[in-house]
Amino acid sequence: MSKKITFMCTAFRDGFQSVYGARVFTKDFLPALEAARDAGLNYFEAGGGARFQSLYFYCNEDAFDMMDAFRTTAGPDANLQTLSRGVNVVGLESQPSDIVKLHADLFKKHGMTTIRNFDALNDVNNLVYSGQCIVDAGLKHQVVITLMELPPGCSGAHDADFYEGVLRQILDAGIPYDSVCFKDASGTAVPSKVHETIKRARKMLPDGTFIHFHTHETAGISVQANIAALDAGADAIDLSMAPCSGGTCQPDILVMWHALRGMDYDLDIDVDKVRDAEEVFKDQMADYFLPPEATAVEPLIPWSPMPGGALTANTQMMRDNGIMDKYPDLIRAMSDVVKRGGFGTSVTPVSQFYVQQALNNVMFGPWKKIAEPYGKMVLGYFGKTPVPPDPEIVKLAGEQLKLEPTTTPPLELNDADPTKGMAPARKRLEDEGLPTTDENIFIVAACKDKGVTFLKGEAEVGVRKIDRSAKEAPAPAAATAAVPASTSGNYSVSVNGKSYSVRIDGGTALVNGKAYQVGVADSGSSDGPAAPVAISGPATDVSAQMPGKVVRVVAKPGDSVNEGDPILVLEAMKMEMEVTAPVSGTIASVNVSAGDQVGTGDVLAAIA
């Protein structure tokens, strides 16, 4: 008799993250979810991971509203699972105890069933309290061991012995769990290692323990890895639906169904109904820009293990900032930052730390500028890395960030940090005149300034759709923007970091005869850059070394600054970077305002 294989449909969470950088409107996917439900699917990944922050950052939507709508559509009996990053919960930054608990309580309140809970460093200390909170909230806890293949030539972790040791630590720590997942976000763990790891786990775990395996097709071996996991005793795998399948995603349900034909495994699906559901899904996503890198196997991924969910999220941000031409260089630089960073698993948030450091190495020169999250990781602020990081990199990180290495657990550090937790989030809401609900407190704690911007009704939209109405669209990568249909006239518009005088007609900007969808600001707005001051003598330009968005302007014309003092803060690739004074003097002019997009080499300010 064939063994029935459980699978979770990841299309509406990991699929969105791995194809569209997690930027999908709720109303657009609910008909496809309904079709999948009607096809007999009842186990879905429904939120968490990057799909929490992305709704506030790019979709101007509330993630809790999305979860409510997901539950309503999927039905009361569906197993709705979300993804949590241990003490980081659903952000890149680790959180204190009260926020970790609030995360579990709120996800239960908003209809979720199960939370898959992992730590990217496989530091079990980061799973103890977070796992207990999940269980205490009445949710099912799927505890995770994260997998990857080290770049060729590396050794010391991420083999079957290492994973067996992590599982033994989980069991010894007494972490409550309902199931165990082996999660390979980069899709690089070779099938033989997957088989050996799960075979050992099956022997270690109590009889009847539910074992789940997760991988991606990015390196081209996901079907083989899934079969290896099943042969070793796994009970469940993750599958997706077109157009969010294959490539950077999980293998398609139909592909896996086909691969298992003639074997002693059965997905127990109505294949024709699943085909129909996929057609609905394709229709619903037809207007979304499909990045070409999301549809392909990348042969270089074993050397530069980039998770599928991080790959397209970062290429979308690189398109936002006009640096997509740097993508091949970034991929090449990934290997070195993994090798020297302590072998944390390349899954968010650690994968993002790798990307940020690799980009800095490309833009500023190798190891000239340590990205703060990467630096904090090698210094121990996110927990213990699988192997010690390169001492030279630890020294550089300490010097540049002015931090000492630490072995104090992240939860303990965060609980002692007065800037983190429910109390400062509540105060921020009160200062902004916003309701202090538990949901709003969590949004501010997880999303910080961007969460406040959303709650104030000032969020922007950055969902990439194909503008089929424009007569001559410049490229399918133009991001849709929240522009009132009644807007028209002549404006000063920032396009790819440069200022143009543009004719706006509704949501369309005509630039040299080409149509663009853009975010606009009236050039006569009082929110523009501060007026320059008259200062005699030559001035030194302060230029952007990397493209990004101006988050804050710290200095104003007339201020005295010393060399190294911050003038403004840019955000790019989910990291904030101070732009500092190259010389001492007086600020003669500041040429940008918060919210402006700038390009490499743009003159941001002048110092006399």
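Residue numbers run from 1 in the order of the sequence given.
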Does [Y] offer a backbone N or O that forms a donor-acceptor pair with the side chain of [X] under 3.5 Å?
X: D184; Y: G187; value: yes
X: N591; Y: V603; value: yes
X: T385; Y: V387; value: yes
X: S186; Y: P305; value: no
X: Q17; Y: G49; value: no
X: T580; Y: P566; value: no
X: Q95; Y: G421; value: no
X: T10; Y: E45; value: no
X: S584; Y: E563; value: yes

Discussion item. I want to check a possible cation-pi pair here: K450 against Y56, using under 6.0 Å from ring centre and within 45° of the ring axis as the test.
Written reply: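 Relative to the ring axis of Y56, which defines the angle, K450 lies outside at least one limit.
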
Heavy-atom pair with the smallest gap, counting every atom of [X] and [Y]:
X: V347; Y: K183; result: CG2-CE, 3.7 Å
X: V124; Y: V166; result: CG2-O, 3.9 Å
X: S18; Y: A294; result: O-CB, 4.0 Å
X: V87; Y: P410; result: CG2-CB, 4.3 Å

Practice prompt. Decide yes or no on side chain to side chain contact (heavy atoms under 4.5 Å, CB included) for I587 and I567, but give the supporting numbers first.
Written response: CA-CA 9 Å; I587 300 291; I567 296 175; 4.1 Å; yes

Is [Y] paired with [X] through a side-chain N to carboxylate O contact shorter than 4.0 Å?
X: E432; Y: R426; answer: no
X: D336; Y: K339; answer: no
X: K395; Y: E399; answer: yes
X: R85; Y: E93; answer: no
X: D238; Y: R116; answer: yes
X: E196; Y: R200; answer: yes
X: D329; Y: R332; answer: yes

Item to complete: Describe, in one word, how the ring planes of H216 and H214 are oriented to each other, choosing from parallel (under 30°), tilted (30 to 60°) and perpendicular (over 60°).
Response: perpendicular

Worksheet item: Once the angle between the rings of Y374 and W367 is folded into 0 to 90°, is it parallel (under 30°), tilted (30 to 60°) or perpendicular (over 60°)?
Response: tilted

Do we see a donor-acceptor contact under 3.5 Å between the side chains of [X] and [Y]?
X: T345; Y: T146; value: yes
X: T419; Y: D417; value: yes
X: E149; Y: T188; value: no
X: N414; Y: K420; value: yes
X: Q357; Y: N361; value: yes

How long is the span from the [atom1] atom in [X] to the [atom2] atom in [Y], to the nearest 0.5 Å?
X: M148; Y: S346; atom1: CE; atom2: OG; result: 5.5 Å
X: C181; Y: F118; atom1: SG; atom2: CZ; result: 10.0 Å
X: L139; Y: Q81; atom1: CG; atom2: CD; result: 10.5 Å
X: D159; Y: E164; atom1: CG; atom2: CD; result: 10.0 Å
X: T218; Y: E293; atom1: OG1; atom2: CD; result: 11.5 Å
X: D119; Y: S130; atom1: CG; atom2: OG; result: 8.0 Å

Any side-chain heavy atom of [X] sitting closer than 4.5 Å to one from [Y]?
X: I607; Y: V561; result: yes
X: N360; Y: I370; result: no
X: Y129; Y: S97; result: yes
X: Q352; Y: V355; result: yes
X: D541; Y: L604; result: no
X: N117; Y: V143; result: no
X: D559; Y: T586; result: no
X: M422; Y: P96; result: no

Worksheet item: Is K101 atom NZ crowded by more than 12 heavy atoms from other residues, nucleotides or ligands, each under 6.0 Å away?
Response: no

Practice prompt. Mark yes when over 12 heavy atoms from residues, nucleotides or ligands other than K193 sit less than 6.0 Å from its NZ; otherwise mark no.
Written response: yes

Worksheet item: Does the side chain to side chain contact (heavy atoms under 4.5 Å, CB included) test come out yes or no for T406 and Y381, once each step is laid out?
Response: CA-CA 6 Å; T406 184; Y381 286 85; 3.8 Å; yes

Worksheet entry | Residues which pass salt bridge (charged side-chain N to carboxylate O under 4.0 Å, His left out) with R51, listed by chain and number, not counting sequence neighbours |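 Checked R51 against salt bridge (charged side-chain N to carboxylate O under 4.0 Å, His left out); zero matches.
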
Discussion item. Checking K384 now: which residues fulfil side chain to side chain donor-acceptor pair (under 3.5 Å) with it, not counting sequence neighbours?
Written reply: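 In terms of side chain to side chain donor-acceptor pair (under 3.5 Å), with neighbours along the sequence ignored, K384 is linked to no residue.
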
Worksheet entry | Working for side chain to side chain contact (heavy atoms under 4.5 Å, CB included), residues L147 and H158 | CA-CA 7 Å; L147 316 183; H158 291 286; 5.7 Å; no

Practice prompt. State which residue, out of N88, N126, L411, fulfils the side chain to side chain contact (heavy atoms under 4.5 Å, CB included) condition with V100.
Written response: L411

Discussion item. So that I know where these two stand, are F353 and F382 an aromatic pair - ring centroids less than 6.0 Å apart?
Written reply: yes

Discussion item. Suppose we call two aromatic rings close when their centres sit under 6.0 Å apart. Are F343 and F162 close by that rule?
Written reply: no

Worksheet item: What do the steps show when you test D105 against D438 for side chain to side chain contact (heavy atoms under 4.5 Å, CB included), and what is the final call?
Response: CA-CA 10 Å; D105 291 342; D438 284 347; over 6 Å; no

